[in-house]
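To keep things clear, I will list the structure first and then write my remarks on it.
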Amino acid sequence: MKNAISDERHAGCGLYSGDLIASQDQIGINKVDIEDVRNYLSLLKDHPLVKEMELALESRNEYEITKPFGEYILYGRLDKVIKTAEGWKILDFKFSRSESHSEAHDFQMKFYLYLAREIFSPLLGAELFYLKDGISRLVLLGDENIPNFQEYLDERIEEYQRAFKVNLE
C-alpha cells in the first residue's frame with residue numbers, strides 16, 4: 001500500500017517520490033506549474049531518448065547508491081538508470097533549457113558514473129536531458145579518468161571541510 005499525503009483540495013495533483021505522494025503545497029508548486037510541466041513533457045513523447053526509455057530491457061527510478069571513499073561515504077540518487085542491448089545508461093532530467101548547462105551538471109554526472117561503475121556493467125555513460133528544449137548531453141568517465149576524478153573529489157571534500165570550519169568559527 002502506498003503512503004499518500006494529500007487532501008481533497010489536491011486530489012490527483014500530487015507528485016510521486018518513491019512510495020510517497022506529496023501535495024502541491026509541500027513542494028511549492030501549483031496547478032499552473034503542473035500544467036506547464038505536462039505541456040513540456042507532451043512535446044517530448046516522440047523524442048529518441050523517451051523511446052529508448054520505453055524500449056529499455058530494465059529500468060530503475062530514483063536509484064540510491066552509496067560508496068565508501070576513504071573515511072567518507074559517498075551518496076547519490078540517480079533519476080533513472082536504463083539497460084539497453086548495449087549496456088546501462090544513467091539519465092538525469094533537468095526542467096530547464098540546455099543553455100543552463102553548467103560544469104556542476106557535468107560534475108554531477110561524473111559523480112554518478114563514479115558511484116555506479118561497479119554496479120552497472122557495461123556502463124555506457126550518463127545523459128543529461130533538458131526537458132524544456134529536448135536537448136540531451138552525454139557525459140563519460142572512462143577508466144583512465146578515474147584517478148584524476150578521485151583526486152578532484154578529495155580536493156572538493158577538503159574545500160567543503162575548510163568552508164564548514166570557517167562557518168563554525
Side-chain angles (χ1 to χ4, degrees), residues 15-20 22 27 36-167:
L15 295 180
Y16 249 173
S17 177
D19 288 339
L20 189 66
I27 55 177
D36 192 32
V37 170
R38 285 186 178 141
N39 288 337
Y40 278 108
L41 293 179
S42 71
L43 298 173
L44 298 172
K45 66 181 190 259
D46 294 321
H47 191 283
L49 192 53
V50 172
K51 295 298 180 194
E52 186 176 19
M53 286 184 265
E54 292 172 345
L55 296 172
L57 303 173
E58 289 183 49
S59 176
R60 300 191 182 143
N61 298 317
E62 298 292 324
Y63 191 80
E64 295 180 354
I65 300 177
T66 58
K67 179 181 176 99
F69 187 76
E71 63 185 270
Y72 303 100
I73 301 292
L74 303 178
Y75 169 85
R77 183 181 301 181
L78 290 56
D79 286 353
K80 190 170 200 70
V81 184
I82 61 172
K83 183 178 184 183
T84 67
E86 293 80 30
W88 292 90
K89 185 187 291 186
I90 296 168
L91 304 175
D92 193 75
F93 306 101
K94 302 292 184 198
F95 191 64
S96 61
R97 297 189 180 283
S98 56
E99 300 93 55
S100 71
H101 180 78
S102 69
E103 288 183 30
H105 293 165
D106 277 342
F107 173 79
Q108 178 188 10
M109 294 302 91
K110 288 178 183 178
F111 184 76
Y112 289 168
L113 288 164
Y114 179 73
L115 292 178
R117 60 193 296 273
E118 295 168 3
I119 298 170
F120 300 103
S121 181
L123 188 54
L124 304 174
E127 198 152 352
L128 287 156
F129 191 19
Y130 293 93
L131 300 175
K132 285 192 173 182
D133 60 13
I135 303 294
S136 62
R137 179 181 175 114
L138 183 65
V139 177
L140 303 172
L141 181 67
D143 289 342
E144 69 279 3
N145 301 114
I146 296 300
N148 288 340
F149 187 75
Q150 288 172 324
E151 282 182 38
Y152 183 63
L153 275 178
D154 277 329
E155 291 168 10
R156 293 214 34 184
I157 291 169
E158 287 174 20
E159 287 172 20
Y160 176 78
Q161 287 178 330
R162 281 194 299 276
F164 187 71
K165 284 180 184 175
V166 167
N167 286 334

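Positions are given from 1, in the same order as the sequence printed here. Since we're looking at a predicted model, the values are computed, not measured.
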- Angle class for the F164/Y160 ring planes (parallel below 30°, perpendicular above 60°, tilted otherwise)? parallel

- Query: Would you call the rings of Y130 and H101 parallel, tilted or perpendicular if under 30° counts as parallel and over 60° as perpendicular?
  - Reply: perpendicular

Side chains of [X] and [Y]: does their closest heavy-atom pair fall under 4.5 Å?
X	Y	answer
V139	Q108	no
R117	D143	yes
F111	L153	yes
F95	D36	yes
T84	L124	yes

What's the spacing between [X] [atom1] and [Y] [atom2] if we round to 0.5 Å?
X	Y	atom1	atom2	answer
I119	Y63	CD1	OH	5.0 Å
L131	L43	CG	CG	11.0 Å
K94	R137	NZ	CZ	12.5 Å
L49	E52	CG	CD	5.5 Å
N61	L91	CG	CG	9.5 Å
K89	K80	NZ	NZ	13.0 Å

- Query: When you look at NZ of K132, are more than 12 heavy atoms from neighbouring residues, nucleotides or ligands closer to it than 6.0 Å?
  - Reply: yes

- Query: So does E54 have more than 12 non-hydrogen atoms from other groups sitting under 6.0 Å from CD?
  - Reply: yes

- Message: Against the six-membered ring of F107, is R156 placed for a cation-pi contact (under 6.0 Å from the centre, within 45° of the normal)?
- Response: yes

- Task: Could you tell me whether the side chain of R77 and the main chain of E62 form a donor-acceptor pair under 3.5 Å?
- Result: no

- Query: Who pairs with E58 by side chain to side chain contact (heavy atoms under 4.5 Å, CB included), at least two apart in sequence or on another chain?
  - Reply: R60, K83, W88

Considering non-hydrogen atoms only, spot the tightest contact between [X] and [Y] and give its length.
X	Y	result
V50	L44	CG2-O, 3.2 Å
G125	L140	CA-CD2, 3.9 Å
Y75	L115	C-CD1, 3.8 Å

- What residue among F129, F93, Y40 forms ring pair (Phe, Tyr, Trp, His ring centres under 6.0 Å) with H47? F129

- Applying salt bridge (charged side-chain N to carboxylate O under 4.0 Å, His left out) to E118 and not counting sequence neighbours gives K67

- Message: Using the rule side-chain contact (heavy atoms from CB on, under 4.5 Å), only one of L78, I146, I90 pairs with L113; which is it?
- Response: I90

- Task: Please step through side-chain hydrogen bond (donor to acceptor under 3.5 Å, both in side chains) for the pair Q150 and Y114, ending with a clear verdict.
- Result: CA-CA 9 Å; Q150 288 172 324; Y114 179 73; 2.7 Å; yes

